[in-house]
Structures are given as structure tokens and as C-alpha cells.
Amino acid sequence: MSVNITSDRGIVTFTITRPEVRNAVNHEVMDGLEQFIDFVEQDGDVEWGVITSEGGKAFCSGGDLGEFHSLETSAQALPMLSRMTELLYRLATLPIPVIALMDGTAVGGGCEIAAACDYRLMKSGAKAGFIQGTLAITTGWGGASLLYEKESGHSEVLQLLTEARVHTAEELLEWGWITDTYSGDKQVALDKFTAKFDHIESSVLKAYKAIAIRKWEQSDLKSRMIDECKRCSILWESEAHHAAVHQFRSR
């Protein structure tokens with residue numbers, strides 16, 4: 001299995017277990033993410049959701065180019081892009097707070113997954129970046145729409161997306177995208193973070209999340225994410241994208 005889903009003390013954790021390919025997303029990971037979302041949506045006792053990965057070097061390197069390189073046209077790429085867009089919208093609008101527990105590098109689609117979460121805890125020294133532009137495409141899973149919706153500062157978001165480079169956890173903490181950095185064991189960091197809310201009833205956390213979800217529904221976030229993935233699919237079939245992917249895979 002490429003993923004692992006565990007539940008303990010009201011916390012449900014989704015773990016990508018593909019360290020050999022830097023925890024890249026393939027169809028099996030998508031299936032697992034859907035199962036995680038279904039579980040949280042159906043179990044009213046869940047208080048927190050956590051997205052993390054195995055290996056300690058990479059949180060997620062985005063889509064698995066080894067598996068998706070055969071997608072050459074817009075029509076071929078759109079089903080994959082659309083599915084992840086739908087999943088990330090569902091992830092963003094889960095009725096509980098969700099934490100991206102990032103103990104390694106996150107690039108491309110890995111940052112889009114993190115953007116769908118409510119909090120991002122990142123290991124000190126790790127790096128992250130929306131590098132899709134270096135492959136001659138845009139974010140394809142709704143990540144840019146999530147950034148513009150959730151973050152303040154148009155110019156900062158635009159720069160983060162268009163520079164298409166990686167930043168340190170410390171830089172992203174100063175910018176405000178990372179909630180907090182940590183060193184040492186990630187489980188200890190997670191426990192320390194969630195302990196800050198122990199004195200608050202979970203119903204209160206869910207109520208505040210519901211207010212955010214209502215705002216996103218009113219701003220038509222879902223349709224904007226879908227439009228974003230369609231725009232990416234058009235760029236996907238360009239010669240520039242295929243050349244960039246070939247160069248990347250040949251390194």
C-alpha cells in the first residue's frame with residue numbers, strides 16, 4: 001500500500017508511504033486520500049485530521065511523473081487533475097481542522113495538498129515551493145485558488161506562485177504560510193501543537209471551521225478550483241511542458 005490511515009484519540013492521520021519516490025502522488029495515493037476524507041466525513045467523533053508522510057526527507061513531491069508522463073493531451077490529463085482538485089476541495093472543507101505535518105520537502109502538488117489544510121507544521125530546515133512554473137504549467141489541483149482565498153496579500157501569493165522556487169521553512173514562517181516550525185520528532189511536535197486546544201471543546205473548533213467553509217461556499221471556491229485545473233490541462237499538452245518533463249526525468 002502507498003498510504004496508511006490511522007485513528008487515535010480523536011485524531012485521524014493519513015500517511016503517504018512512498019519515500020522511494022519522495023512520496024509522490026499516484027492513483028493509489030488518491031484512492032487513500034479519498035478513503036481518509038470519507039472516514040472523517042462519516043465519523044462525528046473525529047476532532048483533528050493530519051496529513052503526513054513517511055521517510056523524513058520529503059512530505060510530498062507532487063504528482064508522480066513516472067506514472068503520469070503518459071498523459072500527453074489536455075483530455076488525457078484533465079481526469080487526473082480534476083480528481084485531485086475535487087479531493088483537495090473536500091479536504092479543505094472537512095468539518096474539522098486539518099494539519100499538514102511536514103517533516104520534509106514539499107514541492108508542486110505537495111504544496112497544494114498542504115494549502116488545502118488549515119495548519120502547516122514544517123520541520124526546521126525543510127523546504128517547500130510551488131515549482132509548477134518550472135515545468136511550464138500552473139498549479140493543477142486548485143492550489144492557487146486556495147492560496148488566494150486563504151492568504152492575505154495578493155503580491156505575496158503571486159510572487160510565491162510565479163517565482164516557482166523553493167523556500168525554507170523559516171522563510172515561509174515569516175511570510176505566514178507555515179503555521180510553525182519544529183525540530184526533533186514530528187509526533188512530539190504534533191502533540192505539542194494540538195495540546196494548545198485541549199481546553200477548547202471540539203464543537204467550538206468545528207463551529208469556527210463551519211464559518212470558514214460558509215465563506216468559501218459563498219465565494220464559489222470550488223468552481224474556481226475546477227477552472228484552475230482546466231487551465232492547467234491546456235498548458236499540460238504544450239510542447240514546453242513535455243520538454244520540461246523530459247528534461248526533469250532525465251536528470
Side-chain angles (χ1 to χ4, degrees), residues 2-3 5 12-16 18 23-41 46 48-53 58-64 67-68 71 77-102 106-122 128-132 135 137-151 157 160-161 177-179 209-210 212-217 219-233 235-236:
S2 297
V3 300
I5 301 173
V12 179
T13 302
F14 173 77
T15 306
I16 305 174
R18 306 187 73 214
N23 293 309
V25 173
N26 62 0
H27 289 293
E28 192 172 12
V29 173
M30 292 185 197
D31 291 341
L33 181 58
E34 185 171 29
Q35 292 169 17
F36 164 81
I37 293 169
D38 287 343
F39 184 96
V40 172
E41 289 177 338
V46 177
W48 290 92
V50 176
I51 308 291
T52 191
S53 55
F59 170 69
C60 178
S61 57
D64 188 341
E67 184 161 328
F68 298 144
L71 305 176
L78 187 57
M80 178 274 290
L81 297 172
S82 297
R83 186 183 182 198
M84 271 302 287
T85 298
E86 172 71 24
L87 288 173
L88 291 195
Y89 178 78
R90 289 180 63 195
L91 177 63
T93 55
L94 283 175
I96 58 169
V98 180
I99 302 167
L101 186 56
M102 308 162 70
V107 294
C111 287
E112 296 190 67
I113 293 173
C117 298
D118 300 292
Y119 300 105
R120 284 159 289 279
L121 306 181
M122 192 170 186
F130 291 81
I131 64 167
Q132 289 90 334
L135 295 176
I137 56 173
T138 58
T139 48
W141 297 344
S145 297
L146 287 164
L147 280 178
Y148 279 120
E149 182 67 33
K150 291 176 156 189
E151 310 299 332
V157 171
L160 183 66
L161 292 167
W177 189 60
I178 294 298
T179 308
K209 182 67 183 285
I213 292 170
R214 179 61 176 160
K215 173 180 178 289
W216 299 334
E217 289 173 343
S219 69
D220 211 10
L221 174 60
K222 185 175 182 178
S223 68
R224 288 187 283 128
M225 291 175 67
I226 292 172
D227 182 64
E228 179 182 335
C229 93
K230 290 179 179 178
R231 289 174 182 269
C232 179
S233 74
L235 295 174
W236 191 284

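The nearest pair of heavy atoms linking C232 to T138 is SG-O, 3.3 Å. Taking all atoms of both residues into account, the shortest heavy-atom contact from K150 to A115 is NZ-O, 2.9 Å. The two atoms that bring S61 and A24 nearest to each other are OG-CB, 3.5 Å, heavy atoms only. Considering all non-hydrogen atoms of both residues, I213 and P95 come closest at CD1-CA, 4.4 Å. Scanning all heavy atoms of the two residues, the minimum distance from D118 to P97 falls at OD2-CA, 3.3 Å. For G140 against C229, the heavy-atom pair with the smallest separation is O-CB, 2.9 Å.
Under the 3.5 Å distance criterion, the side-chain polar atoms of T179 are matched with a main-chain donor or acceptor of R120. Of the possible donor and acceptor atoms, none in the side chain of S82 sits under 3.5 Å from a partner among the backbone N and O of P79. Without hydrogens or angle criteria, W236 side chain to L81 main chain gives no donor-acceptor distance under 3.5 Å.
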Verdict with supporting geometry, M30 and L33, side-chain contact (heavy atoms from CB on, under 4.5 Å): CA-CA 5 Å; M30 292 185 197; L33 181 58; 5.7 Å; no

Assess whether side-chain contact (heavy atoms from CB on, under 4.5 Å) is satisfied between E34 and I37, documenting all intermediate values. CA-CA 5 Å; E34 185 171 29; I37 293 169; 5.8 Å; no

Could you walk me through whether T52 and T13 satisfy the side-chain contact (heavy atoms from CB on, under 4.5 Å) test, starting with their C-alpha distance in whole Å, then the side-chain angles of each, then the deciding distance to 0.1 Å, before giving a yes or no? CA-CA 7 Å; T52 191; T13 302; 3.8 Å; yes

Run the side-chain contact (heavy atoms from CB on, under 4.5 Å) check on R90 and D38 step by step: do they pass? CA-CA 9 Å; R90 289 180 63 195; D38 287 343; 2.6 Å; yes

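Under the ring pair (Phe, Tyr, Trp, His ring centres under 6.0 Å) criterion, F59 pairs with no residue, sequence neighbours left out. The salt bridge (Lys or Arg N to Asp or Glu O under 4.0 Å) search around E67 returns none, not counting sequence neighbours. Remark: R18 pairs with D64 by the side chain to side chain donor-acceptor pair (under 3.5 Å) rule, at least two apart or across chains. By the side chain to side chain contact (heavy atoms under 4.5 Å, CB included) test, V157 is found to be paired with L147, Y148, E151, L161, W175, residues two or more places apart in sequence or in another chain being considered. Partners of W48 by ring pair (Phe, Tyr, Trp, His ring centres under 6.0 Å), not counting sequence neighbours, listed by chain and number: F197. For the ring pair (Phe, Tyr, Trp, His ring centres under 6.0 Å) test, no residue two or more places apart in sequence or in another chain qualifies with Y89. The side chain to side chain donor-acceptor pair (under 3.5 Å) check on S2 picks up E28, with sequence neighbours excluded. Residues meeting the side chain to side chain contact (heavy atoms under 4.5 Å, CB included) test with C60, sequence neighbours left out: I16, V25, I113. Every side chain to side chain donor-acceptor pair (under 3.5 Å) that R231 has, sequence neighbours left out, goes to D227. Every residue two or more places apart in sequence or in another chain was checked for a side chain to side chain donor-acceptor pair (under 3.5 Å) with Q35, and none qualifies. Scored by the salt bridge (Lys or Arg N to Asp or Glu O under 4.0 Å) test, E86 finds K222 as partners (sequence neighbours excluded).
Sorted by first and then second residue, the salt bridge (Lys or Arg N to Asp or Glu O under 4.0 Å) pairs involving residues 91-100 (not counting sequence neighbours) form an empty list.
For F130 and W177, the gap between ring centers is short of 6.0 Å.
Rounded to the nearest 0.5 Å, atoms CD (E112) and CD (Q132) are 5.0 Å apart. Put simply, CG on L88 and OG on S145 are 11.0 Å apart, with the number rounded to the nearest 0.5 Å. In this structure, CE in M80 is found 6.5 Å from CH2 in W141, a value given to the nearest 0.5 Å. Here C117 contributes atom SG and I99 contributes atom CD1; the two are 9.0 Å apart, rounded to the nearest 0.5 Å. Within the model, atoms CD of E41 and OG1 of T93 stand 7.0 Å from one another, a figure rounded to the nearest 0.5 Å. In this structure, OG1 on T15 lies 9.5 Å from CG on N23, to the nearest 0.5 angstrom.
Between F36 and F14, the ring-plane angle classifies as tilted under the 30° and 60° cut-offs.
With hydrogens and angles left out, the side-chain atoms of E228 and T85 include no donor and acceptor closer than 3.5 Å.
M84 has its side chain within reach of L87: a pair of non-hydrogen atoms, C-beta onward, lies under 4.5 Å apart.
The environment of NZ in K209 is crowded: more than 12 heavy-atom neighbours from other residues, nucleotides or ligands sit within 6.0 Å.
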